[in-house]
Amino acid sequence: MQVEHVLLLLVAATAAGWVDAVVGGGGLIQLPALLVLNPGQPVATALATNKLGSIAGTSSAAVAYLRRAKPDLRVGLAAAGLAVCCAAGGAVCAAAISSQVLTPVIMVVLLAVAAIVVLKPDLGREPRLVLRTRRRVAAAVLVPGVLIAFYDGLVGPGTGTFLVIVFTAVLGLDFVNASATSKIINTGTNLGALTVFAVQGHVLWAIGLAMAVCNIVGAQAGARMAISRGAGFVRVVLLCVVSALVVKLGYERFG
């Protein structure tokens with residue numbers, strides 16, 4: 001790769017780490033950068049190298065949130081354990097399922113997320129008291145740990161955003177603490193998918209490790225900003241990320 005392309009990738013990794021730490025969706029920046037700036041590589045290689053950078057930033061953000069926010073550790077750790085296996089399963093299936101088939105479905109889900117956030121302006125601004133029944137807690141573990149984790153290994157765009165919405169809607173967390181909890185599961189999904197890609201020999205380790213360092217820098221800045229500025233700030237970033245994802249997926253599928 002040319003030096004200027006490497007530098008642009010590192011800038012993209014820093015920005016991706018920031019976005020991922022605030023509300024998820026850093027792959028919106030990092031994955032296209034890998035595909036554009038390193039043409040000719042297999043898509044699986046770009047996905048694998050993206051996961052290497054992402055896991056460093058996500059785990060770093062999780063540590064930052066643990067120190068300053070209140071993630072739901074009971075739910076987060078249980079879901080993360082499932083997420084490692086389910087994301088690995090998604091990565092194994094990635095070559096067998098066309099993303100063209102899934103894109104319209106993902107767009108509909110993202111638009112539903114945006115509608116919920118817009119039509120319910122109080123959602124996630126403050127913690128809500130909810131009755132934590134066994135069914136509700138089970139949903140908060142199984143939906144992120146199985147369904148969303150499998151999706152992350154299979155395709156990936158919007159995983160962090162989906163996690164934030166689940167924890168806000170199901171557990172009544174505010175956006176900051178929902179984002180903090182989501183980082184625990186997202187670390188598990190990245191680990192599961194990265195393990196499969198590494199075994200298959202798809203990871204570009206040199207550039208991936210450099211991107212990982214930049215991801216950590218961006219993630220630390222993003223986590224601190226989310227905590228200091230609060231749920232309102234996270235809500236705005238969430239809407240921006242969802243809108244950008246819808247536009248990107250729509251362009252790729254129909255443009």
Side-chain angles (χ1 to χ4, degrees), residues 19-28 58 61-62 65 69-83 86-87 90 102 105-152 154-189 222-223 226-227 229-246 249:
V19 171
D20 234 13
V22 177
V23 76
L28 174 69
T58 303
Y65 276 117
K70 295 179 180 178
D72 192 315
L73 291 177
R74 178 188 171 194
V75 169
L77 292 173
L82 290 172
C86 293
L102 293 174
V105 177
I106 299 167
M107 290 177 66
V108 170
V109 174
L110 286 168
L111 288 170
V113 167
I116 291 170
V117 175
V118 170
L119 296 175
K120 293 190 174 183
D122 292 333
L123 181 69
R125 287 191 178 275
E126 299 289 342
R128 291 182 296 111
L129 290 175
V130 297
L131 181 62
R132 292 208 172 190
T133 62
R134 289 184 179 180
R135 184 174 297 179
R136 187 179 289 270
V137 173
V141 172
L142 295 176
V143 172
V146 177
L147 296 180
I148 298 178
F150 184 84
Y151 165 78
D152 191 28
L154 183 66
V155 184
T159 296
T161 304
F162 295 145
L163 290 169
V164 170
I165 290 298
V166 167
F167 292 129
T168 302
V170 176
L171 295 181
L173 301 181
D174 62 55
F175 279 134
V176 172
N177 291 315
S179 189
T181 308
S182 76
K183 295 301 164 285
I184 300 171
I185 293 89
N186 218 171
T187 300
T189 65
I227 293 165
R229 297 198 176 185
F233 170 73
V234 176
R235 180 177 184 272
V236 171
V237 176
L238 186 149
L239 284 172
C240 291
V241 169
V242 168
S243 300
L245 278 167
V246 170
L249 292 171

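- No side-chain donor-acceptor contact under 3.5 Å links Asp174 to the backbone of Glu126.
- Here the CD1-SG distance, from Ile185 to Cys86, works out to 12.5 Å after rounding to the nearest 0.5 Å.
- Interatomic distance, Arg74 CZ to Thr181 OG1, rounded to the nearest 0.5 Å: 13.0 Å.
- In the model, Ser179 has a side-chain atom that pairs as donor or acceptor with a side-chain atom of Lys183 under 3.5 Å.
- Residue-environment remark: CZ (Arg128) exceeds the threshold of 12 foreign heavy atoms within 6.0 Å.
- Pro71 has its side chain within reach of Ile184: a pair of non-hydrogen atoms, C-beta onward, lies under 4.5 Å apart.
- Every salt bridge (Lys or Arg N to Asp or Glu O under 4.0 Å) that Arg132 has, sequence neighbours left out, goes to Asp72.
- Judged by distance alone, the side chain of Tyr65 and the main-chain N or O of Ala21 form a donor-acceptor pair under 3.5 Å.
- Asn186 places no side-chain N or O within 3.5 Å of a backbone atom of Thr58 that could act as its donor or acceptor partner.
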Solution key, residues 231-244 side-chain donor-acceptor pairs under 3.5 Å, sequence neighbours excluded:
{"residue": "Arg235", "atom": "NH2", "partner": "Val117", "partner atom": "O", "Å": "2.7"}
{"residue": "Ser243", "atom": "OG", "partner": "Leu239", "partner atom": "O", "Å": "2.8"}

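- Listed by first and then second residue, the salt bridge (charged side-chain N to carboxylate O under 4.0 Å, His left out) pairs involving residues 134-147 amount to none (not counting sequence neighbours).
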Please list every donor-acceptor pair under 3.5 Å in which a side-chain atom of residues 156-168 meets a protein atom from a residue at least two apart or in another chain.
{"residue": "Thr159", "atom": "OG1", "partner": "Asp152", "partner atom": "OD1", "Å": "3.0"}
{"residue": "Thr159", "atom": "OG1", "partner": "Gly156", "partner atom": "O", "Å": "2.8"}
{"residue": "Thr168", "atom": "OG1", "partner": "Val164", "partner atom": "O", "Å": "2.8"}

